[in-house]
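What follows is a short report on a single structure.
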Amino acid sequence: MTTAQAKDYRPGAMLPNAAISRKLRDFYDAVQEEGIPDRFLDLLERLEQAEKNAKSGT
């Protein structure tokens, strides 16, 4: 950041990249808190069973 750019910010104000970073972290945290849909869990179980069946030759 140049000296001219630094003058444009108020003391204590967040820099643009810091604000973007904070918003992305908030979004990531919200996604982590979401549960895994039952439909997706069912699909994973079916895929696991299909892999087991393929390995055993059934």
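Bear in mind that the values here come from a model prediction, so they are computed numbers and not experimental data. FYI, the numbering just counts along the sequence from 1.
- The hydrophobic cluster containing L41, built from Ile/Leu/Val/Met/Phe/Trp/Tyr side-chain heavy atoms closer than 4.5 Å, also comprises I36, F40, L44.
- Through direct or indirect side-chain contacts shorter than 4.5 Å among Ile, Leu, Val, Met, Phe, Trp and Tyr, L47 is connected to L43.
- Under the side chain to side chain contact (heavy atoms under 4.5 Å, CB included) criterion, E48 pairs with K52, not counting sequence neighbours.
- In terms of the salt bridge (Lys or Arg N to Asp or Glu O under 4.0 Å) criterion, E34 has no residue partners (sequence neighbours excluded).
- Taking Ile, Leu, Val, Met, Phe, Trp and Tyr as members and joining any whose side-chain heavy atoms lie under 4.5 Å apart, directly or through other members, the hydrophobic cluster of L24 also contains I20.
- Legend: residues meeting side-chain hydrogen bond (donor to acceptor under 3.5 Å, both in side chains) with E33, ordered by chain and number and at least two apart, are absent.
- Put simply, CZ on R46 and CD on E51 are 13.5 Å apart, with the number rounded to the nearest 0.5 Å.
- Every side chain to side chain contact (heavy atoms under 4.5 Å, CB included) that D26 has, sequence neighbours left out, goes to R22.
- Annotation: salt bridge (Lys or Arg N to Asp or Glu O under 4.0 Å) contacts of D38 (sequence neighbours excluded): none.
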